[in-house]
*Asks:* 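Quick one: this structure, given as C-alpha cells, is what I'll be asking you about.
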Amino acid sequence: MSLKFVSYMSSQSRIMSKKSIEDFLFEVRDKNKQLAITGILLLIQGKFVQYIEGPAEEIDKVYKSISKDKRHTEMILLDSGNLDDRQFKNWSMAYKEVNDKQIKEIVGEENLNLEDAFLSRKDNKNHPVLTVLYDFVKALSS
Ligand SMILES: Cc1cc2nc3c(=O)[nH]c(=O)nc-3n(C[C@H](O)[C@H](O)[C@H](O)COP(=O)(O)O)c2cc1C
C-alpha cells in the first residue's frame, strides 16, 4: 500500500465559531480514523492550511471531497508527493490557530502575503506558509 501526502491552502468561506470548529473537527477526525488518514490543519490569518497523509487512494478521494466543501473556497495546492513513512501516528487531525507572533518566530516576519498567493496562484511550492506548516508538522510528528 503506497503512502502519499498533500498540502494545500484555502480561504474560509465565513468565520466559524468555536463550536462549529469543534463539530467540524469531530466529523473530520472520525472519518480520518476510518480511512487511516493523519494530518494537521492550521488556521492562519483566515486561511486554512492543511497537510494530510495516508493511503494514496484515500488521500485522492478525500482531497476531492475537501475541494467540493462549501466551508472554504479557492483551494491552492502547495505540495504533494509519495511517502515512505508517515509523519504522524496519532493525529487523525491536529488543529492549531496560528498567531502572528508564532509566524514571526518561524519565518522571521509576520507578513506571509497569503492574499498574493491567491491572486498569483503560482510557484506555491516555495511559499513561506509551507515553512510554517512543516514546522508544526515537525513539532507534532511522532
Ligand atoms: C478545511 C477543511 C479540511 C477538511 N479536512 C478533511 C479531512 O482531513 N478528512 C476528511 O475526511 N474530511 C475533511 N474535510 C471534510 C470534507 O470536505 C467532507 O465534508 C467530508 O470528507 C465528508 O465527505 P462525504 O460527505 O463525501 O463523505 C475537510 C473540510 C474542510 C473545509
Side-chain angles (χ1 to χ4, degrees), residues 1-107 110-142:
M1 180 178 68
S2 67
L3 286 173
K4 164 177 187 175
F5 76 95
V6 174
S7 303
Y8 74 86
M9 173 164 73
S10 64
S11 264
Q12 250 189 331
S13 301
R14 59 174 67 115
I15 296 171
M16 291 166 82
S17 67
K18 211 170 168 226
K19 172 81 171 74
S20 52
I21 294 258
E22 276 165 17
D23 292 348
F24 158 73
L25 287 173
F26 188 81
E27 169 207 330
V28 166
R29 285 172 179 153
D30 189 52
K31 198 164 169 210
N32 285 355
K33 271 182 208 151
Q34 291 172 32
L35 302 175
I37 291 175
T38 43
I40 183 166
L41 176 68
L42 302 179
L43 183 63
I44 305 178
Q45 297 166 353
K47 312 293 179 203
F48 285 124
V49 185
Q50 192 180 30
Y51 165 89
I52 49 175
E53 61 180 12
E57 248 177 60
E58 304 298 353
I59 291 294
D60 289 343
K61 274 193 223 154
V62 163
Y63 189 73
K64 221 178 201 173
S65 349
I66 295 175
S67 65
K68 291 187 199 138
D69 200 306
K70 297 271 187 304
R71 288 171 284 196
H72 64 173
T73 56
E74 306 181 280
M75 264 171 92
I76 297 180
L77 181 68
L78 295 169
D79 195 9
S80 71
N82 296 322
L83 285 175
D84 291 331
D85 294 304
R86 271 175 204 275
Q87 303 260 23
F88 297 109
K89 299 232 159 34
N90 302 317
W91 287 107
S92 55
M93 188 50 58
Y95 175 74
K96 295 266 173 210
E97 290 179 16
V98 186
N99 61 38
D100 289 352
K101 188 168 164 266
Q102 289 167 300
I103 292 168
K104 186 149 195 204
E105 279 164 11
I106 299 165
V107 293
E110 283 171 23
N111 190 358
L112 283 173
N113 294 315
L114 297 182
E115 295 297 346
D116 290 358
F118 285 101
L119 290 173
S120 75
R121 295 185 151 262
K122 59 179 181 196
D123 202 19
N124 294 304
K125 255 199 132 143
N126 297 319
H127 197 282
V129 77
L130 270 179
T131 309
V132 177
L133 177 62
Y134 292 155
D135 194 82
F136 278 94
V137 169
K138 209 169 128 208
L140 294 175
S141 61
S142 46

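Throughout, numbering of the chain's residues begins at 1 and tracks the sequence. For ligands, and for the atoms within them, numbers begin at 1 and follow the listed sequence.
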*Asks:* Does Asp69 reach ligand 1 with a nitrogen or oxygen that is under 3.5 Å from one of the ligand's nitrogen or oxygen atoms?
*Replies:*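 Between Asp69 and ligand 1, an N or O pair is found under 3.5 Å apart.
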*Asks:* If you count the atoms of ligand 1 from 1 in the order shown, which ones are under 4.0 Å from a heavy atom of Tyr8?
*Replies:*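 Counting atoms of ligand 1 from 1, those under 4.0 Å from Tyr8 are 1 (C), 2 (C), 3 (C).
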*Asks:* For the 3.5 Å polar cut-off, considering only N or O atoms, please tell me whether Asn32 and ligand 1 meet it.
*Replies:* yes
*Asks:* Give a yes/no verdict on whether any heavy atom in Val28 is under 4.0 Å from an atom of ligand 1.
*Replies:*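 Val28: in contact with ligand 1 (<4.0 Å).
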*Asks:* Heavy-atom contacts with Met93 under 4.0 Å: which atoms of ligand 1 show up? List them by number with element.
*Replies:* 8 (O)
*Asks:* What atoms of ligand 1 come within less than 4.0 Å of a heavy atom belonging to Ile52?
*Replies:* 8 (O)
*Asks:* Would Ser65 count as a contact residue for ligand 1, given that I'm defining contact as a non-hydrogen atom of the residue lying under 4.0 Å from a ligand atom?
*Replies:* yes
*Asks:* Supply the atom-to-atom distance Asp85 CG to Ser141 OG, rounded to the nearest 0.5 angstrom.
*Replies:* 11.5 Å
*Asks:* Sub-3.5 Å donor-acceptor pair from the side chain of Ser13 to the main-chain atoms of Arg71, do we have one?
*Replies:*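 Judged by distance alone, yes, a pair lies under 3.5 Å.
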*Asks:* Which of the atoms in ligand 1, numbered in the order shown and given with their element, are less than 4.0 Å from a heavy-atom of Phe48?
*Replies:*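 Answer for ligand 1: 1 (C).
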*Asks:* Tell me which one of Lys64, Arg71, Gln50 gets a heavy atom nearest to atom 5 (N) of ligand 1.
*Replies:*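 Answer by nearest heavy atom: Gln50.
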*Asks:* Give the atom numbers and elements of ligand 1 that come within less than 4.0 Å of a heavy atom of His72.
*Replies:*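 Those atoms are 1 (C), 31 (C).
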*Asks:* Is ligand 1 under 4.0 Å from a heavy atom in the side chain of Ile66, in the backbone, in both, or in neither?
*Replies:*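 Both backbone and side chain.
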*Asks:* Using a 6.0 Å distance limit plus a 45 degree cone around the ring axis, check whether Lys47 lies over the aromatic ring of Phe118.
*Replies:* yes
*Asks:* Out of curiosity, Ile76 CD1 to Leu114 CG, how far, rounded to the nearest 0.5 Å?
*Replies:* 9.0 Å
*Asks:* So with a 6.0 Å cut-off around CD of Glu57, is the heavy-atom count from everything else above 12?
*Replies:* no
*Asks:* Tell me which part of Tyr63 gets within contact of ligand 1: side chain, backbone, both or neither, using heavy atoms under 4.0 Å.
*Replies:* neither
*Asks:* Answer yes or no: does an N/O atom from Lys31 fall short of 3.5 Å to an N/O atom of ligand 1?
*Replies:* yes
*Asks:* Glu53 side chain to Leu83 main-chain N or O, any donor-acceptor pair under 3.5 Å?
*Replies:* no
*Asks:* Any chance you could measure Asp135, atom CG, to Ile103, atom CD1, to the nearest 0.5 Å?
*Replies:* 11.5 Å
*Asks:* In Å, rounded to the nearest 0.5 Å, how long is the span from CG of Asn32 to CD of Glu27?
*Replies:* 10.0 Å
*Asks:* Can you tell me how far the CD atom of Glu22 sits from the OH atom of Tyr95, to the nearest 0.5 Å?
*Replies:*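 Nearest 0.5 Å value for the CD-OH distance: 10.0 Å.
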*Asks:* Checking side-chain polar atoms at under 3.5 Å, does Ser7 have a donor or acceptor matched by the opposite partner on Tyr134?
*Replies:* yes
*Asks:* Any heavy atom of Lys68 closer to ligand 1 than 4.0 angstrom?
*Replies:* no
*Asks:* Would you confirm whether any non-hydrogen atom of the protein falls under 4.0 Å from atom 8 (O) of ligand 1?
*Replies:*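 Answer yes: something from the protein, a heavy atom, is under 4.0 Å.
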